[in-house]
Each structure stands twice: as structure tokens, then as C-alpha cells.
Enquirer: 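One structure follows; several queries about it will come next.
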Amino acid sequence: MIGLCLVFLNKNENKFILGKSSPQAEGGRFPPKPPARAPGRPRPRWRRRLPRPRPAPARPSFSRAPPGPRKAPPPPARLSSSAGGAARWRRPGGQRDFGQDASLGPQGSSVSPPQSMQPSSPSDDIHLSEWQMNHFAYTSDTSTPGQKADAYRAQILRIQYAWANSEISQVCAANLFKKYADKYSAILDSDNPEIGLNNCAENILTLARSQQNENDKWQSALTTANVMELKCVQEMMQNSEMLRSDKEATASVASGLPKLTHCSGDGKSVHRDGSSDCTSQELHILGRAPASKPHQFGMLSSAKARAAHSFLPVPISEVSDITSCVTPLFRDGESVFSSSPTLVSNFGLKQNSSSSTQSAFPSEMGNLGKRKAFLVSNEESSTTSSGFILNKPVNTEGKTFAWSGSKNNENKASGFKTAKEQLWVDQQKKHQHQSERTPFPSSSSTKKTLGLSRSRGVFGKFVPPTPKQDGNENTGTQCKSYGSTEVTCPTDERLKNIEPKMIELIMQEIMDHGPPVNWDDIAGVEFAKATIKEIIVWPMLRPDIFTGLRSPPKGILLFGPPGTGKTLIGKCIACQSGATFFSISASSLTSKWVGEGEKMVRALFAVARFQQPAVIFIDEIDSLLSQRADGEHESSRRIKTEFLVQLDGATTSSEDRILVVGATNRPQEIDEAARRRLVKRLYIPLPDTSARKQIVTCLMSKENCSLTEEEIDLIVKKSDGFSGADMTQLCREASLGPIRSLQSIDITTIAPEQVRSIVFQDFDNALKTVRPSVSSKDLELYDTWNQTFGCGR
Ligand SMILES: Nc1ncnc2c1ncn2[C@@H]1O[C@H](COP(=O)(O)OP(=O)(O)OP(=O)(O)O)[C@@H](O)[C@H]1O
């Protein structure tokens, strides 16, 4: 699997960035808007009212692992650094190597991280490189396919934890691994590694969520979210975080050293690429080396070196051997488990087990206690079996210490320290050194992400949304559109309390597809455009300048008659600011996920935060934030409250760059609390003469048209009171004129050149059928509201 990283080295294209691909490439379409509605007209029921509560959809039953207090998790895992099992990978040249059956254990391993991960001489590079290794993200444009592959390996680890924690049965885990191995072969077999990786990610997540047991009758409790909630996983992540901080500190100390090869304490060298002359036994011993000598290993960059560094688990993202315990198993005609010493050891399989996956598990391993005991027993083989090892201290009888408090007491009495206790002591020591030495951000500023978060580097949340150098530039800015096939449920701390299903829904259904929109595409509304540029686009492009009082508002309201370009403006904001665009109609939030509206609102903001800078465009926001009334239903009130909380920024960090753009034709119906939060209320009026002319000119420039300047002026004059949408409709209608005039010619046989050009008469005829959609009475209402609450001049 490590080889896989090498294979994918330098393939930096990020074709499966979540929802962030170029619109040009996608060629997506902006979703159809609901029909325009005049302000005076009654609102259709589906838009107007919040839905009545319906019984919540039946949830899957958890017959084996119901939600609730979890069983005592195993102590944090200790991951050995060496790759286990046989390697099977494609060489960069395309040549496939099946021959490396020899265990890539410590003796045989030459584990080199991809070059992009290897530290260069400046210590900053090292830390960045290390950071990338730990915090890479699928969505990061800088993450290599190898890094992405590491993330998929993390999924394997989750399964292992879930199994160790009795979340899933052995057979389930076996099935998951088998299926994963099957799918994983796609990486090897596919000509396109990206496709293979995608298949793999999709399938492992699907498997983790689906029913998986012998009879396939019960719902596995394993999900991407709840595995991350497991105490053991969290502990491990925490430990990794601490270790990383320590490594950063030690790296800074070591950066002054002339060579990137260091003595491992016993005179054996550990090379810059992480390979070492140490044996596994030595590494094991070194793992317990006093933490007071961390500089000896300060420059180690591989998981292996990390394991040598301390008694701590290797961060998930760096455990390159996790997959190596899977990939080598997938051999033609052989059982997944039959030939892997690593998986055999991890899952209690005898090396000579049968080819049947199920029978590969010893029958006596059917219960939890034995399963855990078995995990422990693997510890004993840690020095001989390479791969992923759970770090549970055992006594000679194979019993586990420290599973419970009472056992902890026993340990104390006997002077024995569990891994956790040892870890704590070590960390206490290290922390003292670290606080004196490390110039780097603490773990709090480097968020742990295991999934699809965007890599923010050491600069935390700031990601300049400037055009990426991938050729997808759009007049200096970049618009993002989102391919549904690329949507995968992301895993991130910010999303951990959100139901994965909701995240998926948001990613799939709310993220907008569409072509880029430029300011020039919007005719008229010059004041609104200038204001938006000033308060939204520039701050998003230069958050460093727009701080303090200059910081942008979190919410703006675009109000005005229907069809005047409010949605167009929202889209343009997203494009021109380089932000992720979430377009959702309020009715979707309130009716699509009945009874879960407030959860959806929370999920929406969480995903937006995850994908920031983000613009959340909410059409018909009045139906979401209508004035609160006495008879209002509880569910709609909850949605409203949640929205106001999110909008207020109470749960949004001031650093978050999320902008809510609300659009409405009925500003007078918006709740005053919401109105206050939508600080910039911009009137988007009907297009004036020049704007109407611009629309006609723009639309006709793409058609075969022979209008003179004077004729256009006349059309503009006759279309007074038309909205932008009305003008578009007028042009459409006029463009049908030449077709309608083809009375004698068969439409099926006519050549396009035979269709005459559009002339003034066509517009004249069209003006007889296309009428303005906004009444003057409505306009008065807008003017009044604008004068009262609007931010226009
Ligand atoms: N100012 C404009 N410039 C160019 N085209 C416009 C303009 N306003 C409206 N249009 C045209 O009308 C269509 C509908 O506009 P849009 O959906 O943005 O209006 P809206 O104000 O959001 O309407 P509603 O309030 O009904 O949601 C656009 O796709 C565009 O073709």
C-alpha cells in the first residue's frame, strides 16, 4: 500500500474534491426556480406554510448494538509502523508487482513517504510536511492521491476499532474487510487510480453503514460518525495530536542538524525517509525510550520512525500499513484472510486458516471477552507480526489489564503501568519540554481531521479563495460547481454531531450546480452590485484586510419584485468570491425533512462551515423566517430559532466566513429578529431603461437578429415596468416569431439558415402577449419598505 502512495505520487489532480470542481468542467445547470409570484398574490400553500409534523420516519433498529452507553472501549491502540503482509502494487511505470510477498516488516521494509511528504531542509517545510501528513484532507487541492489513499486506510482502522469495541461482529468485520479488499483491488486494477480510489471510498463508507452480519438481519451500529465518537478512537486521536505537537517541537530542535539521518539511540540510523536499520524488536524497545530524549528522533517522518519515537500510537492518517494488511490479501483464488499474517494476527485468524472467510475465524472467538482477549494476545506477537497492533498490556495468561477501574487499581498496586498510564506520564514530561520549545500552534489550532475536510495548513481557517492554478479561472475568480457523483459524506470534527445522512443530503441536494455568473451578466442594479462587492466579495477575497469593524456582515437580504435577478446576484456572489454556494429554498428546509427542519438548519451551517468560505443562499426566506405568531407550530418555531441562532453567529466563530444571503419578494413578512440579523437589506428593483436595453442587447447578440439601435430603444420604451425575467420572456417570445412565420415550409426539413432573423415586428407581436408581472401597487409596497428598512440610498 505504501507503494500505492508512490504510484500516486505527483498525481496532484484533485478530481474528486467534494463539491469543488470547476463549473466549466461540470457544465452543470442552475436548478430551476419556482415560478415567480407577485407580491400581492396569495402564496401557494407549499411555499407559505411550514409543514405539519408527521411521524418521523422509522429508524433502523439496532438489534446488536443499540444506541446508548457504550461498552468499555479498549485502551488506545498502538500501531506498529511496519508494513505487514505481502505487497502488491503497481509500479509508477505501470508494471505490476505481485512478487513482494515477503513481509515488509521492519527488516525488509524501506518505507519511504512520498516525496511530497518528505521534509526539505528548512524546518518549516518539515512541519508543513508533517502537518500535511497528519491533516491532509480529501478536499484539499494539495493532497496527493497517496494522501487520499491514506484516508481510505483510516476507514479500515475504523472498522478495526468497531470490531475491537464489539460494535460489529467478527464475521461482519471479516465481511467488511473482504469486501473492502475486493473493492480495493480496483485501485490496483483500474487504469485510473482516481477512479479506483473513489470506488474504494464510496464502498467502504457504504459498507460501514449497511447491514453486515451473517444473516444480514441487523443494522450495524458502525457509522462514520459514531466510530469517531468511540472513546478509544478519540483517545488515539488525542494521543496522536500530542505526539504530533511533540514531534513538531523535536523537529524544530533537530532542524539545526546538518543531516537528516539520526541515530536512534542505539547507534542505528534512522533515515530521512523513515526507513531504519532497526529491527522490529528494537523498535519495540525504542518505543519505550524515555521521552526526555525526543530530539534523537526529531526528524523522523515516517510512521515507522514515529513508532520508534515513543510509546504512542501512530496517527491514523500515517498508518500506511493498515491497508497493507488488506491489499496483500486480495489474491487470485485465495481467501482474503488466508494468507495475511497481519490480518490473521489482527483478527485472530490462524495463518493456515481455511479459505472460507467465515471459517477463518476460530470458533472460540465468538464472544466479546474472547475477542478482546484475542486482541490482547496479538500484543505478544507484535515483535514478529508486522502491521497494526492493538496496544493492550497483557499478562502471561493473556488477560487484559486496565479494562476497568478495578483493574487499574490492581495495576497500580502491582506497579504495572498500562499503556494509557504510561502515555500519560510520558506526555506530562513531554509537555513541559514542549511548552518551552515549540513555536508551533498547539493541537487546538490544528484540527484533527480524518476525512474530507479542507486542509488549511498551519494558518487554520484562512484559505484565500483566489483562483486555483488549474486552468479553471474565471476572469480572475473562480466559481465552483458540484458534481453529484463526487459527493461523499465528509468526516470532520465540525460535523461529528451531524447525522451523516443529513450531511449527504446537503452535499447532494443543496450544493448548487451551475455555470459561472459575472457581474456583467446582471443588468442594472448598480448600487446593489457595488455594495455587495464592497461588503462581501472583497472581504472574502481579502479577509486579512477586512477585519474588526470592516469585517463583513453575516447576513444580507435581497428584496424586491420577482424576476429582478436576486438569485442571479446570489449566484454571482458565490462565483466572484470563490465561495461554496449552497442554494436552498426555505420550503425545502421546512417540508423536505419534516420534523427535522432545525437539524437540517444546523447541518446546513455545519457543512457550510466545513466548506467555507461559503454562501448560503435562501430563496423565499420569508417563509422560513416569517413573523412569529401565537398559533405557530412548534416545529416551525424551532426551525426559526435555530436559524436565528446560527445567523447570529452564536455558534459561528467570528473567523468563519459564511454568508447568508436571503432573497424575498415579501420583505414585510420577515420576522424583526431576523431582519436585524440580515444587516444589509438591498432593494433589487425592476430594471430601468438602460438595464432593459442591456438585457435585450445581450440576449439578441446570441441570436440571428437584425434590430437597429432605434428599434431596440423602442422595444425598451414599450417594455416599461417589465422585470428582468419579463424581458427575458419577451425576447424568447420574439425569437419564436421567425419560426411561426414558416407557414408553408415543413419544420422537419427546413435548414437552420432558412430561418429568418428576428425583427422588430416579432417584438411588437411578442409585446401583445407578454405583460409585466409586477403591478404598480406592489412596487409602492417595495418602495415603502425600502425607505423604512432598506440600506439603499
Ligand atoms: N438584472 C437582470 N439582468 C439580467 N437578467 C435578469 C435580471 N433579472 C432577471 N433576469 C433574468 O430573469 C431570470 C430570473 O431571475 P432571478 O431568478 O434571479 O429573479 P429573482 O429575483 O430571484 O426572482 P424570484 O424573486 O421570483 O425568485 C434570470 O435567470 C435572468 O435570465
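Computed from a prediction, not measured in an experiment: that's the story for all the values here. Read the numbers this way: they start at 1 and go in the same order the structure lists the ligands and their atoms.
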Enquirer: Does any N or O atom in I695 lie less than 3.5 angstrom from one in ligand 1, N or O only?
Expert: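 So ligand 1 has no N or O lying under 3.5 Å from an N or O of I695.
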Enquirer: So, does R756 use its side chain to make a donor-acceptor pair with the main chain of E753 at under 3.5 Å?
Expert: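 No; zero donor-acceptor contacts below 3.5 Å.
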Enquirer: Any sub-3.5 Å donor-acceptor pair from Y683's side-chain atoms to A528's backbone N or O?
Expert: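 No.
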Enquirer: Can you spot which of E733, R732, M727 makes a side-chain contact (heavy atoms from CB on, under 4.5 Å) with L730?
Expert: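 By the side-chain contact (heavy atoms from CB on, under 4.5 Å) criterion, L730 pairs with just one of E733, R732, M727: M727.
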Enquirer: Do the side chain of K566 and the main chain of P561 share a donor and acceptor less than 3.5 angstrom apart?
Expert: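 Yes, K566 side chain to P561 backbone: donor-acceptor pair under 3.5 Å.
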Enquirer: Look at E780 together with K777 and state whether they make a salt bridge at an N to O cut-off of under 4.0 Å.
Expert: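 Salt bridge: no.
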Enquirer: Counting both backbone and side chain atoms, is some N or O of V525 under 3.5 Å from an N or O of ligand 1?
Expert: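 No, V525 has no N/O under 3.5 Å of an N/O on ligand 1.
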Enquirer: If the test is side-chain contact (heavy atoms from CB on, under 4.5 Å), which one of T664, I584, N665 qualifies with E620?
Expert: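 Considering T664, I584, N665, a side-chain contact (heavy atoms from CB on, under 4.5 Å) with E620 is found only for N665.
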Enquirer: State the atoms of ligand 1, each with its element, that fall below the 4.0 Å cut-off from a heavy-atom position in T728.
Expert: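 In order of number, 11 (C), 31 (O).
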Enquirer: What atoms in ligand 1 come closer than 4.0 Å to a heavy atom of A523?
Expert: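 Selected atoms, number and element: 1 (N), 2 (C), 3 (N), 4 (C).
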Enquirer: Show the atoms of ligand 1 that are less than 4.0 angstrom away from any heavy atom in D521.
Expert: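 That gives atoms 3 (N), 4 (C) of ligand 1.
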Enquirer: Can you list the atoms of ligand 1 that are under 4.0 Å from a heavy atom of I522?
Expert: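 That gives atoms 1 (N), 3 (N) of ligand 1.
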Enquirer: For ligand 1, which atoms, with element, lie under 4.0 Å from some heavy atom of G563?
Expert: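 Counting from 1, the qualifying ligand atoms are 8 (N), 9 (C), 19 (O), 20 (P), 21 (O), 23 (O), 24 (P), 25 (O), 26 (O).
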Enquirer: Specify the closest pair of heavy atoms between R550 and I545, including all atoms of both residues, with the distance to one decimal.
Expert: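 Nearest heavy atoms, R550 then I545: NH1-O, 3.2 Å.
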Enquirer: Could you name the option among C731, P685, G724 that has the heavy atom nearest to atom 7 (C) of ligand 1?
Expert: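 Heavy atom nearest to atom 7 (C) of ligand 1 belongs to G724.
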Enquirer: Check ligand 1 against D619 and write out every atom of the ligand that is under 4.0 Å from a heavy-atom position of the residue.
Expert: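 So the answer, numbered in order with elements, is 27 (O).
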Enquirer: Has ligand 1 got any nitrogen or oxygen that is less than 3.5 angstrom from a nitrogen or oxygen of G565?
Expert: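 Such a contact does occur with ligand 1.
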Enquirer: Of all the atoms in ligand 1, which lie at a distance below 4.0 Å from a heavy atom belonging to N665?
Expert: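 By the 4.0 Å cutoff, the relevant atoms are 25 (O).
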Enquirer: Give the intermediate values and the outcome of side chain to side chain donor-acceptor pair (under 3.5 Å) for residues Q787 and D783.
Expert: CA-CA 6 Å; Q787 279 162 24; D783 278 337; 5.6 Å; no
Enquirer: Heavy atom under 4.0 Å from ligand 1: found in T567's side chain, backbone, both, or neither?
Expert: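 Answer for T567: both.
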